[in-house]
Amino acid sequence: MHLDVQDLRNFYYRSALGRAAQRSLRRRVAEIWPEAKGQTVAGFGFALPLLRPYLADARRVIALMPGPQGVMPWPPDGENVSVLTEETLWPIETGHVDKLIVLHGLETSERAYDLLEEAWRVLGPGGKALFIVPNRAGMWSRRDRTPFGYGRPFSASQLETQLRKHQFLPERHFGALYQFPSTKRLWMKSGAMFEKVGRAMPGVFAGGAFMVEASKLVYPPKGKVQRSSAKRQKVPHGVPAPIVGRV
(Lines give C-alpha, C1' and ligand atoms only; values in the text may rest on other atoms or scores of the structure.)
Protein backbone atom coordinates (compact mmCIF):
# COMPACT_ATOMS: atom_id res chain seq x y z
CA MET A 1 0.00 0.00 0.00
CA HIS A 2 1.34 3.41 -0.98
CA LEU A 3 2.07 6.00 1.67
CA ASP A 4 0.04 9.20 1.82
CA VAL A 5 1.55 12.15 -0.01
CA GLN A 6 1.10 14.38 3.05
CA ASP A 7 3.20 12.04 5.18
CA LEU A 8 5.91 11.93 2.53
CA ARG A 9 5.92 15.70 2.20
CA ASN A 10 6.13 16.19 5.96
CA PHE A 11 9.04 13.78 6.21
CA TYR A 12 11.20 15.13 3.40
CA TYR A 13 10.44 18.83 3.73
CA ARG A 14 9.41 19.40 7.34
CA SER A 15 11.63 17.14 9.44
CA ALA A 16 15.36 17.28 10.09
CA LEU A 17 15.79 13.55 9.50
CA GLY A 18 13.88 13.75 6.20
CA ARG A 19 15.99 16.65 4.96
CA ALA A 20 19.13 14.66 5.83
CA ALA A 21 17.76 11.68 3.91
CA GLN A 22 16.99 13.95 0.97
CA ARG A 23 20.57 15.21 0.89
CA SER A 24 21.99 11.69 1.04
CA LEU A 25 19.81 10.40 -1.78
CA ARG A 26 20.22 13.48 -3.98
CA ARG A 27 24.00 13.40 -3.63
CA ARG A 28 24.08 9.81 -4.83
CA VAL A 29 21.78 10.53 -7.77
CA ALA A 30 23.93 13.50 -8.78
CA GLU A 31 26.96 11.20 -8.90
CA ILE A 32 25.16 8.70 -11.10
CA TRP A 33 23.41 11.19 -13.38
CA PRO A 34 25.20 14.55 -13.10
CA GLU A 35 23.12 16.12 -15.88
CA ALA A 36 20.20 15.52 -18.21
CA LYS A 37 20.52 18.33 -20.72
CA GLY A 38 17.85 18.15 -23.39
CA GLN A 39 16.44 14.90 -22.00
CA THR A 40 13.08 13.85 -20.60
CA VAL A 41 13.31 12.93 -16.93
CA ALA A 42 10.43 11.25 -15.12
CA GLY A 43 9.95 10.22 -11.52
CA PHE A 44 7.41 7.79 -10.12
CA GLY A 45 6.21 7.45 -6.55
CA PHE A 46 7.59 10.34 -4.54
CA ALA A 47 10.70 11.30 -6.49
CA LEU A 48 10.28 15.06 -6.05
CA PRO A 49 13.33 15.51 -3.77
CA LEU A 50 15.54 14.04 -6.51
CA LEU A 51 14.10 15.78 -9.56
CA ARG A 52 14.88 19.41 -8.73
CA PRO A 53 18.49 19.39 -10.08
CA TYR A 54 17.13 18.55 -13.55
CA LEU A 55 14.53 21.31 -13.79
CA ALA A 56 16.98 23.81 -15.27
CA ASP A 57 18.51 21.80 -18.12
CA ALA A 58 16.19 18.88 -18.89
CA ARG A 59 13.89 19.19 -21.87
CA ARG A 60 11.01 17.99 -19.72
CA VAL A 61 10.53 16.85 -16.11
CA ILE A 62 7.48 14.82 -15.07
CA ALA A 63 6.57 13.76 -11.53
CA LEU A 64 4.17 10.80 -11.67
CA MET A 65 2.27 10.15 -8.44
CA PRO A 66 0.06 7.06 -8.05
CA GLY A 67 -3.60 7.53 -7.19
CA PRO A 68 -3.50 5.66 -3.84
CA GLN A 69 -0.71 7.99 -2.69
CA GLY A 70 -2.14 11.30 -3.82
CA VAL A 71 -0.53 14.25 -5.51
CA MET A 72 0.89 17.62 -4.51
CA PRO A 73 1.75 20.56 -6.79
CA TRP A 74 5.48 20.87 -7.42
CA PRO A 75 7.71 22.79 -7.62
CA PRO A 76 6.27 25.56 -5.45
CA ASP A 77 8.37 28.19 -7.24
CA GLY A 78 7.61 27.27 -10.85
CA GLU A 79 5.20 25.66 -13.27
CA ASN A 80 3.64 22.48 -11.93
CA VAL A 81 5.10 19.20 -13.28
CA SER A 82 3.22 16.80 -10.97
CA VAL A 83 0.46 14.58 -12.29
CA LEU A 84 -1.85 12.10 -10.59
CA THR A 85 -1.83 8.84 -12.50
CA GLU A 86 -2.92 5.24 -12.48
CA GLU A 87 -0.21 3.10 -10.93
CA THR A 88 0.31 1.01 -14.06
CA LEU A 89 -1.04 3.32 -16.78
CA TRP A 90 1.14 6.40 -17.13
CA PRO A 91 0.16 9.32 -19.40
CA ILE A 92 3.41 9.09 -21.36
CA GLU A 93 3.90 7.83 -24.89
CA THR A 94 5.93 4.68 -25.37
CA GLY A 95 9.68 5.23 -25.55
CA HIS A 96 9.69 8.95 -24.64
CA VAL A 97 11.62 8.91 -21.32
CA ASP A 98 15.41 9.13 -21.17
CA LYS A 99 15.82 8.87 -17.40
CA LEU A 100 13.40 7.41 -14.86
CA ILE A 101 13.66 7.57 -11.05
CA VAL A 102 11.43 5.32 -8.93
CA LEU A 103 11.36 6.23 -5.23
CA HIS A 104 8.71 4.95 -2.78
CA GLY A 105 6.92 3.33 -5.69
CA LEU A 106 8.08 -0.24 -6.16
CA GLU A 107 8.26 -1.54 -2.59
CA THR A 108 4.76 -0.27 -1.72
CA SER A 109 3.06 -1.37 -4.93
CA GLU A 110 0.59 -4.26 -4.92
CA ARG A 111 1.10 -4.60 -8.68
CA ALA A 112 4.87 -4.56 -8.90
CA TYR A 113 4.89 -6.80 -11.99
CA ASP A 114 2.71 -4.42 -14.01
CA LEU A 115 4.56 -1.42 -12.62
CA LEU A 116 7.88 -2.69 -13.98
CA GLU A 117 6.24 -3.42 -17.31
CA GLU A 118 5.04 0.18 -17.49
CA ALA A 119 8.46 1.50 -16.52
CA TRP A 120 9.99 -0.53 -19.35
CA ARG A 121 7.38 0.74 -21.81
CA VAL A 122 7.98 4.46 -21.31
CA LEU A 123 11.77 4.26 -21.53
CA GLY A 124 13.29 4.98 -24.91
CA PRO A 125 16.07 2.93 -26.54
CA GLY A 126 19.13 3.31 -24.37
CA GLY A 127 17.02 4.77 -21.57
CA LYS A 128 18.13 4.41 -17.96
CA ALA A 129 16.08 3.75 -14.83
CA LEU A 130 17.14 4.21 -11.22
CA PHE A 131 15.20 2.11 -8.71
CA ILE A 132 15.59 3.20 -5.08
CA VAL A 133 14.30 0.76 -2.45
CA PRO A 134 14.74 0.06 1.27
CA ASN A 135 17.59 -2.28 2.09
CA ARG A 136 16.17 -5.32 3.89
CA ALA A 137 19.38 -5.66 5.91
CA GLY A 138 19.51 -1.98 6.88
CA MET A 139 18.21 -0.17 9.93
CA TRP A 140 15.89 2.18 8.03
CA SER A 141 13.60 -0.66 6.93
CA ARG A 142 13.04 -1.54 10.60
CA ARG A 143 11.83 1.90 11.63
CA ASP A 144 8.28 2.68 10.59
CA ARG A 145 8.75 6.33 11.52
CA THR A 146 10.31 6.85 8.10
CA PRO A 147 8.94 6.00 4.63
CA PHE A 148 11.62 3.34 4.27
CA GLY A 149 9.94 1.29 6.99
CA TYR A 150 6.89 0.54 4.84
CA GLY A 151 6.32 -1.95 2.07
CA ARG A 152 8.60 -4.73 1.00
CA PRO A 153 12.34 -4.17 1.49
CA PHE A 154 14.73 -5.76 -0.99
CA SER A 155 18.20 -7.16 -1.14
CA ALA A 156 20.30 -6.17 -4.14
CA SER A 157 20.04 -9.65 -5.65
CA GLN A 158 16.25 -9.74 -5.23
CA LEU A 159 15.77 -6.45 -7.01
CA GLU A 160 18.19 -7.30 -9.81
CA THR A 161 16.40 -10.61 -10.38
CA GLN A 162 13.07 -8.82 -10.71
CA LEU A 163 14.51 -6.30 -13.13
CA ARG A 164 15.99 -8.97 -15.38
CA LYS A 165 12.58 -10.65 -15.62
CA HIS A 166 11.23 -7.43 -17.12
CA GLN A 167 13.95 -6.90 -19.73
CA PHE A 168 16.07 -4.53 -17.66
CA LEU A 169 19.83 -4.92 -17.49
CA PRO A 170 21.15 -3.98 -14.01
CA GLU A 171 24.41 -2.11 -14.49
CA ARG A 172 25.41 -0.51 -11.19
CA HIS A 173 24.19 -0.39 -7.62
CA PHE A 174 24.92 2.12 -4.89
CA GLY A 175 24.22 2.46 -1.20
CA ALA A 176 22.67 5.47 0.52
CA LEU A 177 21.32 6.55 3.94
CA TYR A 178 24.22 5.55 6.15
CA GLN A 179 23.28 7.65 9.16
CA PHE A 180 21.09 6.22 11.91
CA PRO A 181 17.33 6.72 11.41
CA SER A 182 16.99 8.60 14.68
CA THR A 183 16.09 12.17 15.52
CA LYS A 184 18.20 12.18 18.68
CA ARG A 185 20.69 14.99 18.77
CA LEU A 186 23.75 12.71 19.01
CA TRP A 187 22.87 10.73 15.90
CA MET A 188 21.82 13.79 13.94
CA LYS A 189 25.10 15.57 14.67
CA SER A 190 27.14 12.53 13.64
CA GLY A 191 25.04 11.90 10.52
CA ALA A 192 27.46 13.62 8.14
CA MET A 193 30.36 11.53 9.45
CA PHE A 194 28.45 8.25 8.96
CA GLU A 195 27.48 9.31 5.45
CA LYS A 196 31.09 10.08 4.55
CA VAL A 197 32.37 6.77 5.91
CA GLY A 198 29.55 4.76 4.37
CA ARG A 199 30.01 6.25 0.92
CA ALA A 200 33.66 5.20 0.96
CA MET A 201 32.78 1.57 1.68
CA PRO A 202 32.23 -1.04 -1.06
CA GLY A 203 28.74 -1.19 -2.54
CA VAL A 204 27.98 -4.48 -0.81
CA PHE A 205 27.80 -2.59 2.47
CA ALA A 206 24.66 -0.72 1.49
CA GLY A 207 23.04 1.66 3.92
CA GLY A 208 19.38 2.06 4.72
CA ALA A 209 18.55 2.16 1.00
CA PHE A 210 20.23 1.16 -2.18
CA MET A 211 19.91 2.17 -5.79
CA VAL A 212 20.10 -0.01 -8.88
CA GLU A 213 20.73 1.64 -12.23
CA ALA A 214 19.34 -0.41 -15.09
CA SER A 215 19.10 0.04 -18.83
CA LYS A 216 16.27 -1.02 -21.11
CA LEU A 217 16.87 -4.15 -23.13
CA VAL A 218 15.27 -4.40 -26.54
CA TYR A 219 15.44 -7.92 -27.87
CA PRO A 220 15.49 -8.61 -31.64
CA PRO A 221 12.21 -9.77 -33.17
CA LYS A 222 11.47 -13.43 -32.87
CA GLY A 223 11.05 -15.81 -35.83
CA LYS A 224 14.16 -14.94 -37.79
CA VAL A 225 14.35 -16.54 -41.21
CA GLN A 226 17.20 -19.03 -41.12
CA ARG A 227 19.04 -20.19 -44.17
CA SER A 228 18.54 -23.81 -45.08
CA SER A 229 21.46 -26.06 -44.23
CA ALA A 230 20.52 -28.63 -46.91
CA LYS A 231 23.29 -29.34 -49.37
CA ARG A 232 22.74 -28.96 -53.08
CA GLN A 233 22.20 -32.33 -54.71
CA LYS A 234 24.44 -33.38 -57.56
CA VAL A 235 22.93 -34.50 -60.85
CA PRO A 236 23.23 -38.33 -61.12
CA HIS A 237 25.70 -39.64 -63.69
CA GLY A 238 24.10 -40.11 -67.08
CA VAL A 239 21.16 -37.77 -66.44
CA PRO A 240 21.32 -34.49 -68.38
CA ALA A 241 21.29 -31.33 -66.31
CA PRO A 242 18.05 -29.29 -66.43
CA ILE A 243 18.01 -26.45 -68.93
CA VAL A 244 16.41 -23.18 -67.92
CA GLY A 245 14.61 -21.60 -70.80
CA ARG A 246 11.31 -20.47 -72.14
CA VAL A 247 8.70 -23.07 -73.05
Side-chain angles (χ1 to χ4, degrees), residues 2-36 41-58 61-66 69-78 80-82 99-108 129-135 138-151 153-154 173-185 187-200 206-213:
H2 290 284
L3 294 168
D4 186 85
V5 68
Q6 298 297 330
D7 295 331
L8 291 165
R9 182 193 63 179
N10 292 339
F11 175 75
Y12 279 107
Y13 295 103
R14 298 182 179 180
S15 73
L17 183 61
R19 288 192 292 270
Q22 180 181 158
R23 288 192 298 270
S24 176
L25 295 172
R26 186 184 290 183
R27 190 178 297 118
R28 272 301 196 197
V29 174
E31 291 176 0
I32 303 168
W33 295 340
E35 56 83 27
V41 181
F44 177 79
F46 195 81
L48 301 183
L50 310 180
L51 295 177
R52 178 169 285 279
Y54 304 114
L55 287 173
D57 297 327
V61 175
I62 310 169
L64 303 164
M65 299 191 181
Q69 169 191 289
V71 66
M72 59 177 280
W74 186 88
D77 54 351
N80 178 61
V81 302
S82 297
K99 287 182 169 65
L100 171 67
I101 300 175
V102 179
L103 174 63
H104 302 309
L106 184 60
E107 73 274 12
T108 55
L130 191 63
F131 297 92
I132 307 172
V133 295
N135 175 20
M139 291 179 294
W140 286 72
S141 65
R142 305 173 191 178
R143 298 292 298 272
D144 57 8
R145 293 184 179 180
T146 79
F148 295 91
Y150 290 86
F154 289 83
H173 66 270
F174 305 84
L177 297 182
Y178 292 99
Q179 73 178 78
F180 286 87
S182 172
T183 57
K184 292 185 177 180
R185 185 176 181 182
W187 298 121
M188 291 297 297
K189 290 183 64 175
S190 57
M193 179 192 69
F194 281 108
E195 288 289 329
K196 183 177 180 180
V197 173
R199 288 158 58 83
F210 65 85
M211 310 175 177
V212 174
E213 182 192 26

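Below, each value reflects all heavy atoms present in this structure, side chains not excepted, and no hydrogens, waters or symmetry copies. Every value quoted in this text rests on a predicted model; they were computed, and no experiment measured them. By convention here, the first residue in the shown sequence is residue 1.
- You'll find the side chain of L25 stays beyond 4.5 Å of the side chain of P49, heavy atoms only.
- With hydrogens and angles ignored, the 3.5 Å screen pairs no side-chain donor or acceptor of S82 with any backbone N or O of A63.
- From M65, atom CE reaches atom CZ of F44 across 10.5 Å, with rounding to the nearest 0.5 Å.
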Does D4 form a salt bridge (Lys or Arg N to Asp or Glu O under 4.0 Å) with R9? I'd like the steps, not just the answer. CA-CA 9 Å; D4 186 85; R9 182 193 63 179; over 6 Å; no

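- Considering CG of L177 and CZ of R28, their distance stands at 10.5 Å, rounded to 0.5 Å.
- When all heavy atoms are compared, the tightest approach of V5 to G70 is CB-O, 3.7 Å.
- Residues W33 and A129 come closest through the heavy atom pair CH2-C, 3.9 Å.
- Using a 4.5 Å cut-off on side-chain heavy atoms (C-beta onward), L55 and W74 make contact.
- Without hydrogens or angle criteria, S141 side chain to G149 main chain gives no donor-acceptor distance under 3.5 Å.
- Between Y13 and L48 the shortest side-chain heavy-atom distance falls below 4.5 Å.
- Evaluation of the ring-ring contact (aromatic ring centres under 6.0 Å, His included) rule for F131 yields F168 as partners, not counting sequence neighbours.
- Between P76 and R52, the shortest heavy-atom distance links the atoms CD-NH2, 3.9 Å.
- The main-chain N or O of G207 is found under 3.5 Å from a side-chain atom of N135 such that the two form a donor-acceptor pair.
- Nearest approach of P181 to L17, heavy atoms of both residues: C-CD2, 3.9 Å.
- The minimum heavy-atom distance between L130 and V29, with the atom names listed, is CD2-CG2, 3.8 Å.
- Going from atom CD1 of I32 over to atom NE2 of H173 covers 11.0 Å, rounded to the nearest 0.5 Å.
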side-chain contact (heavy atoms from CB on, under 4.5 Å), that's the test. Do L8 and L3 meet it? Break it down for me. CA-CA 7 Å; L8 291 165; L3 294 168; 3.8 Å; yes

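- For the ring-ring contact (aromatic ring centres under 6.0 Å, His included) test, no residue two or more places apart in sequence or in another chain qualifies with Y54.
- Going from atom CE of M211 over to atom CD of E31 covers 9.0 Å, rounded to the nearest 0.5 Å.
- To the nearest 0.5 Å, atom CD of residue Q6 and atom CE of residue M72 are 8.0 Å apart.
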Going by atom type alone, with no hydrogens or angles, which donor-acceptor pairs under 3.5 Å involve a side-chain atom of residues 101-108 and a protein atom two or more places apart or on another chain?
residue : atom : partner : partner atom : Å
H104    : ND1  : E107    : OE2          : 3.4
H104    : NE2  : Y12     : OH           : 2.6
T108    : OG1  : H2      : ND1          : 3.0

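- Note that OG1 of T146 and CG of D7 are 12.0 Å apart. Values are rounded to the nearest 0.5 Å.
- In this structure, A58 and V61 approach most closely via the heavy-atom pair CB-CG2, 3.8 Å.
- Although no hydrogens or angles enter the test, the distance criterion places a donor-acceptor pair under 3.5 Å between the side chain of W140 and the main chain of Q179.
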